[in-house]
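Chain letters run A, B, ... following the sequence lines, proteins first, then strands; residues in each count from 1.
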Number of protein chains: 2
Amino acid sequence: MASTLEVLAEPSRRRILDLLLSGERPVGDLVEGSAMSQPSVSKHLRVLREAGLVEVRQDAQRRIYRVRPEPLRDLDEWLAPYRRLWASRLGALEQHLEAMPDDDPDLRR
Amino acid sequence: MASTLEVLAEPSRRRILDLLLSGERPVGDLVEGSAMSQPSVSKHLRVLREAGLVEVRQDAQRRIYRVRPEPLRDLDEWLAPYRRLWASRLGALEQHLEAMPDDDPDLRR
DNA sequence: CACGCATATAACCTGTCTGGCATACTCAGG
DNA sequence: CCTGAGTATGCCAGACAGGTTATATGCGTG
């Protein structure tokens with residue numbers, strides 16, 4: 001099984017998660033919202049499911065998916081030591097004066 | 001350029017970042033600490049650099065790398081709405097009683 | 001200025017991932 | 001049962017990422 005970060009690396013999967021953020025949704029909705037073929041969406045859902053990032057509920061022939069945020073907690077914890085870094089760096093900036101070049105504005109997520 | 005999450009998906013790169021967490025290091029140290037070939041390390045460093053996750057300083061023929069946590073802040077922000085989810089879910093648990101199966105203990109990061 | 005050290009880049013190979021299409025499965029209704 | 005809606009799976013092709021080895025580059029020193 002893939003690590004949470006590997007699973008989240010896929011933009012389509014983040015898209016699906018973001019769609020589920022507003023509440024549980026059947027697969028059909030996700031297909032519309034993500035502009036991919038239904039099989040692709042199903043495959044991504046499988047990966048997300050195996051990573052514990054979503055869970056399913058069955059409603060007749062529909063499968064309703066919803067977010068399962070627990071794995072993201074681990075990510076949050078991994079982030080913790082770095083969080084300290086960027087906190088302390090605010091202070092360090094003063095010593096650097098303004099000699100630093102602008103941060104790259106093209107950063108994604 | 002790759003998104004922060006794509007860059008972090010690589011275990012070797014996380015390893016490098018974690019090594020840099022204890023302070024700036026020349027490439028040689030990273031090669032030792034990560035048990036990979038020097039060219040591989042250099043490649044990963046390039047990716048990390050282009051993603052803004054590390055920065056370099058030159059010291060004679062050595063390049064000293066250090067963490068640049070800013071992109072992780074964006075990741076932290078992306079995480080925010082999900083954080084709310086797992087917070088609210090603590091409350092929801094009460095309604096589920098104890099009927100839920102144990103969470104998969106095999107989750108990675 | 002020739003050499004050695006530290007690091008970066010090039011070229012190549014291989015495995016893996018993703019998307020698409022076709023097809024199988026499952027469920028409710030008639 | 002037979003059918004259709006909704007979803008999952010198998011299989012394939014193309015693209016890409018990571019490792020390795022060989023080689024180039026930059027810097028200080030004798």
Distance-minimising heavy-atom pair for A/Met36 and A/Ser12: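 Closest approach of A/Met36 to A/Ser12: SD-CB, 3.7 Å.
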
For the student: nearest non-hydrogen atoms of B/Leu72 and A/Trp78, plus distance: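 For B/Leu72 and A/Trp78, the tightest heavy-atom pair comes out as CD2-CZ3, 4.3 Å.
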
Between [N] atom [atom2] and [X] atom [atom1], what is the distance in whole Å?
X: B/Met1; N: D/dA17; atom1: CE; atom2: P; answer: 14 Å
X: B/Glu10; N: C/dG15; atom1: CD; atom2: C1'; answer: 13 Å
X: B/Glu6; N: D/dA17; atom1: CD; atom2: C1'; answer: 11 Å
X: B/Asp59; N: D/dC27; atom1: CG; atom2: C1'; answer: 11 Å
X: A/Arg14; N: C/dT18; atom1: CZ; atom2: P; answer: 12 Å

Side-chain donor/acceptor of A/Arg14 to backbone N/O of A/Ala9, under 3.5 Å: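 Confirmed, A/Arg14 side chain pairs with A/Ala9 backbone.
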
Any donor-acceptor N/O pair, B/Tyr82 side chain to A/Arg73 backbone, under 3.5 Å: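 Side chain of B/Tyr82 to backbone of A/Arg73, a donor-acceptor pair under 3.5 Å: no, none is there.
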
Using a cut-off of less than 4.0 Å, is there contact between a side-chain N or O of [X] and OP1 or OP2 of [N]?
X: B/Ser12; N: D/dG19; value: yes
X: A/Ser37; N: C/dG19; value: no
X: A/His44; N: C/dG19; value: yes

Which protein N or O atoms sit under 3.5 Å from an N or O of nucleotides 6-10 of chain C?
unit_1	atom_1	unit_2	atom_2	d
C/dT7	OP1	B/Val27	N	3.1
C/dT7	OP2	B/Gly28	N	2.9
C/dA8	OP1	B/Tyr65	OH	2.5
C/dA8	OP2	B/Ser42	OG	2.5
C/dA8	N7	B/Gln38	NE2	2.7
C/dA8	N6	B/Gln38	OE1	3.4

Under 3.5 Å, side-chain donor or acceptor atoms of residues 27-34 of chain B against the rest of the protein: list the pairs with distances, not counting sequence neighbours.
unit_1	atom_1	unit_2	atom_2	d
B/Ser34	OG	B/Leu30	O	2.7

Side-chain ion pair, A/Arg46 and A/Glu50, N-O less than 4.0 Å: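 Looking at A/Arg46 and A/Glu50, the cut-off is met.
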
